[in-house]
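Below, read A as the first sequence line, B as the second, and so on, with proteins coming before strands; counting in each chain starts at 1.
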Amino acid sequence: MKQALELQVNGEAVALMVEPRQTLADVLRDSLRLTGTHLGCEMGVCGACLVLLDGKPVHGCLTLAVQAQGCAVTTVEGLDASGEIADLQAEFHARNALQCGYCTPGMLMTAQALLKRGAVPDRAEIREALSGNFCRCTGYEAIVDAIAATAAKRGAA
Amino acid sequence: MTQRFAPDRPAHIGQPHLRRNALRHLAGRGAYVSDLALPRMVHAAFLRSPMAHGRITALDLDEARAAPGVIAVYSAADLNPMCQGWTGVLSHFAGMTSPAQSILADQEVLWVGHPVAMVIARTRAEAEDACEKILLDIDDLPAVAGFAPALDPDMPAAAEASASNLCFRAELKTEGAAAAFDGAALVVEGEWRFGRHTAVTLEPRAVVADYDPASGQLTVHHGTQTPFQFQDVYARQFGLPDNRVRVISPDVGGSFGMKLHLYHEEMATVAASLKLHRPVRFVADRLESFTSDIHARDHKVKARMALDGQGQVLAMEVLDRTLIGPYSTYPRTSVAEGNQVIRLMGAPYAMPDYHGVLEVLFQNKVQTSQYRAVGHPIAVQVTEALIDLAAEKLGLDPFEMRARNVVADDAYPCASATGYRFEKLSHQESLRRLRALMDYDGLRAEQAALREKGIHRGIGLATFVEITNPGAAFYGVGGARISAQDGAVVRLTPGGEAHCAISVTEQGQGTETIIAQIVADQLGLTPDQVKVVTGDTDATPSGGATWACRGAGIGGETALRAGRKLAEQLCRIAGAILQAAPESLALRGGAVVDAATGAERLALAELARIATYRPDTLPEGTDNSLSVAQHFAPQGYPFGFTNGVQAAWVEVDTETGLVKLLKHWVVEDCGRIINPLLVDEQIRGGVVQGLGAALYEECLYDDAGQLLNGSLADYLVPMAGEMPDILIGHVETPTEDTILGAKGVGEAGTAAAGAAVMNAVNDALRPFGARLCQTPMTPARILAALGIGPTERDETWN
């Protein structure tokens, strides 16, 4: 039996009917067609489905859509449109810190959450923060470099 | 070093140009097959065999057919007759055998995960629900799961259609091999076990098949490296004209070889669309990926090396046994990996003699086939372990041991004892660069100092040779319809920009970027002015695409020649307009210029305008074509070999068995470097895939052939926290077989990373007399080697 769900997605009010078993990731991808949120493992290990729920990163694959009732959800599309990660995106681009791009939205979510904590993280802390984000293409080093560079610039600003 | 490629204009080749298509991914605007939703699209799910081997005694689909949302439920009887079976054998692998494959299991199930029935429903969830309502009964048959049963002559074959579990046997032998061992001053030997692992692309396999009966057109949106190969497969197997089959491969979320093999689910999805006349979507979930994507490796190697008293390698003797699936993969077979293992052994070294035997064995597990660095990690790990063993026995430093034995940089061209012909490699220079890059002597001093404090660090070296730029000798000569050539159409747009449609494909390596750089240099444009289109059989000429490190070398040369051909044509048109000899003109800075003075004569935009909108003003008989087509097939050497050397610096905790990767170095020679940023990132990513196999990744099965770790919680992949920084150096020895001079780089990192780490771990453990011979080197196996816990050769060895 479907039930009503109302939430904010990337600043827009959304109302739709969902099945209780539908995950937030499925609703974002299939119902709202926000396909920047990806599915890799569907058990909260790979980080491809990370989105911000009221500002905190959550796994879209482990969160039921109905749990987002009344919440504000931000996906990579929202972070991109707001311009708040433009510096991070630029550092990723400059170092080619992505290849196939499938992990990238989740990486940006983790990175932005880490950077918003305030203190400038060192490389070991960045690697630790990324421990829930699987990337099969890059070997991670360029991703760490990109986040470190963004942190340094934001810290200096 | 040869420098044939001398660009006569500001070169973008060789520059770290950024990937424009990366910006889409950074904005969440990737367009993967798994994102695709088409009008009237329905979803597929499969009921799979829970047994490794058995006979289907009952299959009742009625209740599933009545389940909510279900549109159709198919068994083998419904789908298999729609399509010809496929058999993964090639004639250049003499004597190899394999049962034929068909879409769904018919009577006999052959591995855990073998698809038995297909449900089509309005949503994937409803399709999965209906799968649970299918009644399937299977009588167990003996499962061949591991080397012991596969080699047991009394064991029935993994498939009833096979006469035995031997798929293929090959032997290479030089005349002097036996005598080399008889006369050797030193013989070192060992036995190695390489576990199964798999590609774990973050985007699983995805396909949307869309058949339109009105036009007779089948369009397959398919996350693959090789759209033209699948165009041919779908056309032939389903009896359609190939120009009515269009395969589109948009963004692909990782492939690494895994997505270029033919899978039952993709064939079933096409068959269902042909039946239903509407788009059918199948996207594997992660468990399905583990039980149906190809696995790789699963080798056991026995090898020895003969040396003279000065430490010169005289010969190797190798027996490589590998376990595949119940049949050989189509269309590349499951024997290519073993074939490369026995031919790459000892490849960097001036080794006169060799005796190698390969045995490829069937078993009841998911099929194995080509995955990044096919065979290389095994050959490199065995060779490099033996080199280290010999160095230890002879009291030689591992660097010195390698320096004494690598083929000298001035000894080319030459051939290996296994029959590979090398145009020009740079082992000596690579070793010199690596030694400086890693400060080898400083690290040795640090290692010794830390030993005193009970900290056990190790340094591991691994030289390697990599196969790239394969010609038709790879598959085509064996009868495979796998193209060794590529094609491009380059055109000047009416606005004076460039467009290149090319058959090589992009999975994030940066294919489109390097093609744009190459074409830009031929036309006097910037890479941003060249739009590159890939991954659509209706949009580009036909070609082999991107695999086996052929995208840059073969695709790049195709683009270069196409670009030059268009440049010549544009100069002819400009010559007609300007009343100048075409040879006196050149293209630079977006304009036709006087070749001698560089003075601008005609903007390309103006040339394009005239040729497109006012061809009437051109002299009579002028060919106003602004498009050219060019195909290119490699000639000369059958493969473009590359080389390099890697080093690993690790710390082993002898109480927990944990390995900490401290740093990793690679010096690599891939010929002409088109884009150093992308080359380095290919190497880094490749190294990390090699490290995963060396330390973490293994598909574990029990004796009954049940997969034990089919999830990302149980199957460990390399994550950021465990990975080291990777320093990279380059030697650049362009191939003279092409104008561009580029070779491949995609497998280099994976080829030798595991070997370097295994040698490093063994270097760290040397004072304990412990030695690892099995990958992945898990903490339990390291502790076992140290005499703690169960013995080294646990059940996974067999």
Side-chain angles (χ1 to χ4, degrees), chain A residues 19 21-22 26 29-30 33-46 48 75-81 85 88-90 92-106 108 123-124 126-145, chain B residues 16 18-19 21-32 34-37 123-125 199-204 251-256 283 285-287 507-510 677-678 680-689 691-692 711-713 717-726 749:
Chain A
E19 286 182 41
R21 68 175 178 178
Q22 280 183 285
D26 282 341
R29 287 176 53 80
D30 299 340
R33 300 296 289 141
L34 291 167
T35 53
T37 300
H38 295 150
L39 287 168
C41 68
E42 297 180 83
M43 60 188 304
V45 178
C46 76
T75 68
V76 67
E77 291 92 340
L79 282 185
D80 175 66
I85 58 165
L88 187 62
Q89 291 167 314
F92 267 65
H93 188 226
R95 288 166 179 75
N96 202 46
L98 66 153
Q99 290 180 30
C100 83
Y102 206 77
C103 74
T104 308
L108 294 171
R123 290 175 64 80
I126 294 169
R127 284 190 179 275
E128 185 62 33
L130 293 174
S131 64
N133 289 85
F134 174 45
C135 169
R136 191 51 140 175
C137 301
T138 64
Y140 300 106
E141 188 171 335
I143 296 171
V144 176
D145 291 342
Chain B
L18 299 183
R19 283 172 55 214
N21 56 15
L23 292 171
R24 283 191 298 108
H25 295 302
L26 285 161
R29 290 172 183 265
Y32 304 88
S34 53
D35 297 335
L36 190 65
T123 67
R124 167 76 184 211
V200 202
T201 58
L202 194 50
E203 184 196 25
D251 291 329
V252 180
S255 186
F256 314 111
V283 178
D285 66 24
R286 189 51 60 186
L287 177 59
Q507 295 86 43
Q509 306 93 326
L677 176 69
L678 301 181
D680 284 1
E681 285 306 299
Q682 278 298 297
I683 292 173
R684 287 201 175 89
V687 163
V688 167
Q689 275 184 2
L691 296 176
S711 83
L712 276 176
V717 288
M719 300 298 277
E722 288 77 41
M723 289 301 106
D725 284 345
I726 300 161

Which of B/R19, B/R684, B/Q682 passes side chain to side chain donor-acceptor pair (under 3.5 Å) with A/N96? Answer is B/R19
B/N21, part contacting chain A, at a heavy-atom distance under 4.5 Å: neither
Below 4.5 Å from any heavy atom of chain A, which atoms of B/E722 appear? Answer side chain, backbone, both or neither. neither
Please determine, among A/E128, A/R29, A/E77, the option with the most heavy-atom pairs under 4.5 Å with chain B. A/R29
From CE (B/M723) to CG (A/L130), nearest 0.5 Å: 13.0 Å
If you tally heavy-atom pairs under 4.5 Å between each of B/H25, B/Q509, B/R24 and chain A, the highest tally belongs to B/H25
Would you name the heavy atoms of A/R136 and B/P718 that are closest together and state the gap between them? NH1-CD, 3.8 Å
With a 4.5 angstrom heavy-atom cut-off, which part of B/S255 approaches chain A: side chain, backbone, both or neither? neither
I'd like to know which of A/L34, A/T75, A/T35 tops the heavy-atom pair count under 4.5 Å against chain B. A/T35
Pick whichever of A/G101, A/P105, A/G132 has the most heavy-atom pairs under 4.5 Å with chain B. A/G101
Segment of B/V200 engaging chain A (4.5 angstrom heavy-atom cut-off): both
Would you mind telling me which of B/G692, B/A31, B/A125 has the largest number of heavy-atom pairs within less than 4.5 Å of chain A? B/A125
Between CD on residue B/Q507 and OH on residue A/Y102, distance to nearest 0.5 Å: 15.5 Å
Please classify the contact of B/E681 with chain A as side chain, backbone, both or neither, using a heavy-atom distance under 4.5 Å. both
Suppose we screen for side chain to side chain contact (heavy atoms under 4.5 Å, CB included). Which residues come up paired with B/L18, at least two apart in sequence or across chains? A/H93, B/L677
Working to the nearest 0.5 angstrom, can you tell me the gap between A/L108 CG and B/L26 CG? 6.0 Å
Rounded at 0.5 Å granularity, tell me how far CD in A/Q99 sits from CG in B/L678. 8.0 Å
Counting heavy-atom pairs under 4.5 Å with chain B, the top scorer among A/S131, A/A142, A/C137, A/G36 is A/C137
Check each atom of B/P724 against the heavy atoms of chain A and say whether the ones under 4.5 Å are side chain, backbone, both or neither. backbone
For A/Q22, which residues count as a side chain to side chain contact (heavy atoms under 4.5 Å, CB included) partner, sequence neighbours excluded? A/V18, A/E19, A/V27, A/S31
So, the part of B/A199 with a heavy atom under 4.5 Å from chain A: the answer is backbone
Point-to-point distance, once rounded to the nearest 0.5 Å, from CZ of A/F134 to OG1 of B/T201: 8.5 Å
Interface check, chain B: of A/N133, A/I143, A/L98, most non-hydrogen pairs under 4.5 Å belong to A/L98
With a 4.5 angstrom heavy-atom cut-off, which part of A/E42 approaches chain B: side chain, backbone, both or neither? side chain
Under a 4.5 Å heavy-atom cut-off, does chain A meet the side chain of B/D725, its backbone, both or neither? both
Find the distance between CG (B/L202) and OG1 (A/T104) and round it off to the nearest 0.5 Å. 9.0 Å
Could you tell me which of B/G749, B/G508, B/A720, B/G28 has the largest number of non-hydrogen atom pairs under 4.5 Å with chain A? B/A720
With the side chain counted from C-beta on, respond yes when A/C100 and B/E203 share a heavy-atom pair under 4.5 Å apart, and no when they do not. no
Quick one: what part of B/P204 sits under 4.5 Å from any heavy atom of chain A, side chain, backbone, both or neither? side chain
